[in-house]
Amino acid sequence: MRTGISFARDWQLIKVARALRRHDVTGPLVRALLHDASPAFAEQVAVIAGRLGAEDGTALLAHNEERFDPPTLMEGLLLMWGIPCVSGESTDGGTTIIIDGDGAAAAVRETFADKRVAEPYLTGYARALQQNAVLEHGADGKIAIRFPPRGE
């Protein structure tokens with residue numbers, strides 16, 4: 001045992017570390033900033049979020065093998081972030097990933113703090129993975145990320 005460190009103190013630190021959730025200051029900060037934001041400020045945030053998504057998507061591509069297809073990478077990321085989604089083949093032969101289901105809206109808010117950040121970020125990310133990818137949101141609250149067949 002190290003000098004000057006007690007077992008009781010170490011045990012307390014372990015219990016605190018297990019009991020506390022990850023401390024997130026940015027989520028509440030972004031929500032507060034966007035709550036009464038002007039349309040111009042909200043648009044600036046959306047542009048920055050889109051740029052960050054594109055940068056993160058480009059970084060992911062740089063670290064993956066060529067044979068990984070963009071829809072699989074995107075679906076894996078969403079699931080890793082705790083965002084429920086379903087992937088399926090589109091009528092045009094491409095792939096569509098739908099963010100839907102119980103808790104999807106809450107998971108998006110938890111991951112991105114605000115939908116006005118989530119949509120441009122996910123669009124930038126998807127387009128970095130495949131340039132002609134499209135993010136669409138329906139009136140029913142579903143978000144669809146469409147990846148057309150490669151080569152189109």
Side-chain angles (χ1 to χ4, degrees), residues 13-152:
L13 291 174
I14 289 169
K15 287 184 80 166
V16 168
R18 285 183 182 163
L20 291 179
R21 290 184 15 189
R22 182 177 61 105
H23 187 64
D24 178 21
V25 175
T26 57
L29 176 65
V30 168
R31 280 190 287 279
L33 287 170
L34 288 174
H35 180 47
D36 294 322
S38 69
F41 180 74
E43 181 59 30
Q44 283 180 308
V45 170
V47 168
I48 292 167
R51 189 174 342 123
L52 290 173
E55 289 171 6
D56 291 347
T58 301
L60 178 66
L61 277 179
H63 295 301
N64 278 290
E65 300 173 20
E66 286 183 31
R67 68 177 180 252
F68 280 101
D69 65 316
T72 302
L73 289 172
M74 193 77 217
E75 181 182 14
L77 285 167
L78 292 170
L79 293 173
M80 185 181 70
W81 293 337
I83 299 173
C85 63
V86 177
S87 178
E89 191 170 319
S90 302
T91 56
D92 64 358
T95 303
T96 299
I97 299 170
I98 301 198
I99 299 171
D100 186 28
D102 294 341
V108 168
R109 275 192 311 276
E110 180 69 25
T111 302
F112 296 102
D114 191 284
K115 192 174 183 176
R116 291 173 286 184
V117 173
E119 290 181 6
Y121 181 88
L122 291 171
T123 299
Y125 213 114
R127 287 189 182 148
L129 298 179
Q130 184 175 327
Q131 191 154 16
N132 55 356
V134 177
L135 186 132
E136 301 168 345
H137 42 89
D140 55 1
K142 294 181 183 179
I143 296 174
I145 304 171
R146 300 193 191 287
F147 291 90
R150 292 191 110 185
E152 285 188 21

side-chain contact (heavy atoms from CB on, under 4.5 Å) test vs Leu73 passes for just one of Tyr125, Phe147, Phe68, namely Phe68
Check whether any side-chain heavy atom of Phe112 lies under 4.5 Å from a side-chain heavy atom of Ile83, and answer yes or no.
-> yes
Separation between CG (Leu135) and CD (Glu119), nearest 0.5 Å, reads 6.0 Å
Which pair of non-hydrogen atoms, one from Arg31 and one from Ala113, has the smallest distance, and what is that distance?
-> CG-O, 3.1 Å
Got Pro149 and Asp92 here, is their nearest side-chain heavy-atom distance under 4.5 Å?
-> yes
Gap separating the CG atom of Asp56 from the CG atom of Leu129, nearest 0.5 angstrom = 10.5 Å
Give the intermediate values and the outcome of side-chain contact (heavy atoms from CB on, under 4.5 Å) for residues Leu78 and Ile145.
-> CA-CA 11 Å; Leu78 292 170; Ile145 304 171; 4.3 Å; yes
Search all heavy atoms of Gly82 against all heavy atoms of Ala107 and return the closest pair with its distance.
-> O-CB, 3.3 Å
Non-hydrogen atoms of Ala46 and Pro120 that approach each other most closely = O-CB, 3.3 Å
Judged by atom type as modelled, is there a donor-acceptor pair below 3.5 Å linking the side chain of Glu75 to the main-chain atoms of Cys85?
-> no
Heavy-atom check, side chain of Leu60 versus side chain of Leu77, under 4.5 Å = yes
Heavy-atom donor-acceptor pair, Arg146 side chain to Thr96 backbone, under 3.5 Å = no
Heavy-atom closest pair (Ser87 atom, Thr95 atom, distance to 0.1 Å) is OG-CG2, 3.4 Å
Nearest atoms (heavy-atom pairs only) where Ala54 meets Ala128 = O-CB, 3.4 Å
Okay, side chain of Arg116, backbone of Ala42: is any donor-acceptor separation there less than 3.5 Å?
-> no
With the side chain counted from C-beta on, respond yes when Leu122 and Met74 share a heavy-atom pair under 4.5 Å apart, and no when they do not.
-> yes
